[in-house]
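Heads up, the thing below is written out as structure tokens.
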Amino acid sequence: MFFKKLADRNVNFKNQLCIGIDPHTNNLPNFFKTELQKSPENFLSSFSKCLIDTAHNKCSSVKFQSAFFEVFGSAGIEALKQSIDYAKSLNLLTILDVKRGDISSTMRAYGTSAFDYLGADAMTVLPY
């Protein structure tokens with residue numbers, strides 16, 4: 001189902017672009033670092049929203065690198081959830097880049113988190 005939706009959207013946009021949101025916060029100018037320290041959730045949500053707003057009418061999907069959100073704990077997870085919800089509200093397909101690999105029960109828990117809680121359409125599992 002996901003790949004059919006992705007293929008259809010790629011045909012509609014006449015490209016295969018996917019925007020990647022990987023907020024490397026250690027490289028930010030001081031002004032943004034101050035905003036990040038005030039509220040990681042607000043900063044990460046605003047950062048993502050800005051990128052999504054810029055690209056949503058040019059690409060079919062958005063990929064969120066989960067680790068760059070997870071380092072901020074529950075605030076980062078909430079920002080990730082808000083960002084996925086926002087991307088979906090603009091009809092973008094969402095990919096959660098988590099590259100998880102473990103035993104079956106743990107993989108089910110990763111899937112439950114990615115799909116049932118965060119609402120991603122797809123997720124990466126293994127890098128190789």
Across all chains, not counting sequence neighbours, the side chain to side chain donor-acceptor pair (under 3.5 Å) partners of D8 are K4
Interatomic distance, CD@Q16 vs SG@C59, rounded to 0.5 Å, equals 12.5 Å
### Task
Starting from the C-alpha separation in whole Å, work towards a yes-or-no answer on side chain to side chain contact (heavy atoms under 4.5 Å, CB included) for L118 and L96.
CA-CA 9 Å; L118 293 170; L96 188 59; 3.6 Å; yes
For K88 and T94 the tightest heavy-atom approach is CG-CG2, 3.7 Å
Applied to residues 27-49, the ring pair (Phe, Tyr, Trp, His ring centres under 6.0 Å) test, sequence neighbours excluded, yields none
Grouping ILVMFWY residues whenever side-chain heavy atoms fall under 4.5 Å, the cluster of F2 otherwise contains F3, L6, L93, I95
Between the CD atom in E35 and the CG atom in N30, the distance rounded to the nearest 0.5 Å is 12.0 Å
Sorted by chain and residue number, the side-chain contact (heavy atoms from CB on, under 4.5 Å) partners of S39 (sequence neighbours excluded) come out as E41, N42
Residue set satisfying side-chain contact (heavy atoms from CB on, under 4.5 Å) with D85, at least two apart, ordered chain then number -> K81
Closest non-hydrogen contact found for F72 with P40 is CD2-CB, 3.8 Å
Residue pairs meeting side chain to side chain donor-acceptor pair (under 3.5 Å), one or both in residues 55-68, sequence neighbours left out, come to N10-S60, D22-K63, K63-D97, Q65-D97, S66-E70
Tightest non-hydrogen contact, residues L28 and K33, listed as O-CE, 3.0 Å
So do the side chains of I21 and F69 get within less than 4.5 Å of each other, counting heavy atoms only?
yes
The side chain to side chain donor-acceptor pair (under 3.5 Å) partners of S45 (sequence neighbours excluded) come to Q82
Separation between CG (L36) and CG (L44), nearest 0.5 Å, reads 6.0 Å
Worksheet item: Hey, any chance L90 and F64 share a hydrophobic cluster, counting ILVMFWY side chains that come within less than 4.5 Å of each other, even indirectly?
Response: yes
Sorted by chain and number, sequence neighbours left out, ring pair (Phe, Tyr, Trp, His ring centres under 6.0 Å) with F68 holds for H24
Nearest heavy-atom approach of L92 to D121 is O-OD2, 4.0 Å
Applying salt bridge (charged side-chain N to carboxylate O under 4.0 Å, His left out) to K5 and not counting sequence neighbours gives none
Closest heavy-atom pair, A87 versus I52, reported as atoms and distance to 0.1 Å, is CB-CD1, 3.9 Å
Side chain to side chain donor-acceptor pair (under 3.5 Å) pairs touching residues 108-117, sequence neighbours excluded, are E78-Y117
